[in-house]
Amino acid sequence: ENLRPHYVKTLAAWSENFQESRDKIVQKFGETFTRRWWLYLQASQASFEYGDLDLLQIELCGRQHQLPLARELPVANCC
């Protein structure tokens with residue numbers, strides 16, 4: 001399962017929270033750290049949104065016949 005579109009939203013929320021707490025972060029960690037971390041958040045969000053960066057979740061199970069067709073379906077005795 002590709003979580004790429006979800007991670008774009010996650011990074012946007014982290015960026016918003018970061019900006020709301022920016023003054024506290026600068027006070028605790030300094031301006032250099034704060035600017036670097038902000039750049040990291042923005043670059044990561046852009047890479048997921050417009051680039052080729054993906055975040056994949058892979059489910060492994062020993063008994064293939066018990067894997068659900070979709071995540072919403074319950075699986076008995078899997079893994």
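In this text the structure is predicted, and so the values were computed from the model without any measurement.
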Q) Does the Asp54 side chain pair with the main chain of Leu56, one donor and one acceptor, at a distance under 3.5 Å? A) no
Q) In Å and rounded to the nearest 0.5 Å, what is the CG to CG distance from Leu41 to Asn17? A) 10.0 Å
Q: Taking all non-hydrogen atoms of both residues into account, name the closest pair between Ser15 and Gln45 and its distance.
A: OG-OE1, 3.9 Å
Q. How long is the span from the OG1 atom in Thr34 to the CD atom in Gln19, to the nearest 0.5 Å?
A. 9.5 Å
Q) Does atom CD of Glu20 have more than 12 heavy-atom neighbours from other groups under 6.0 Å away? A) yes
Q) Rounded to the nearest 0.5 Å, how far does OG of Ser21 lie from CD of Glu16? A) 10.5 Å
Q) Ile25 versus Phe33: any side-chain heavy-atom pair under 4.5 Å? A) yes
Q. With a 4.0 Å cut-off, would you call Arg22 and Glu31 a salt bridge?
A. yes
Q | Donor-acceptor pair, side chain of Arg4 and main chain of Phe48, under 3.5 angstrom | A | yes
Q) How many angstroms lie between atom CH2 of Trp38 and atom CZ of Phe18, to the nearest 0.5 angstrom? A) 7.5 Å
Q.
Could you check whether atom CG of Asp52 has more than 12 heavy atoms from other residues, nucleotides or ligands sitting under 6.0 Å from it?
A. no
Q. Applying the 4.5 Å side-chain criterion to the ILVMFWY set and letting contacts propagate, would Leu3 and Leu11 be lumped into a single cluster?
A. yes
Q. Mind checking whether Trp14 and Tyr7 have parallel, tilted or perpendicular rings, split at 30° and 60°?
A. perpendicular
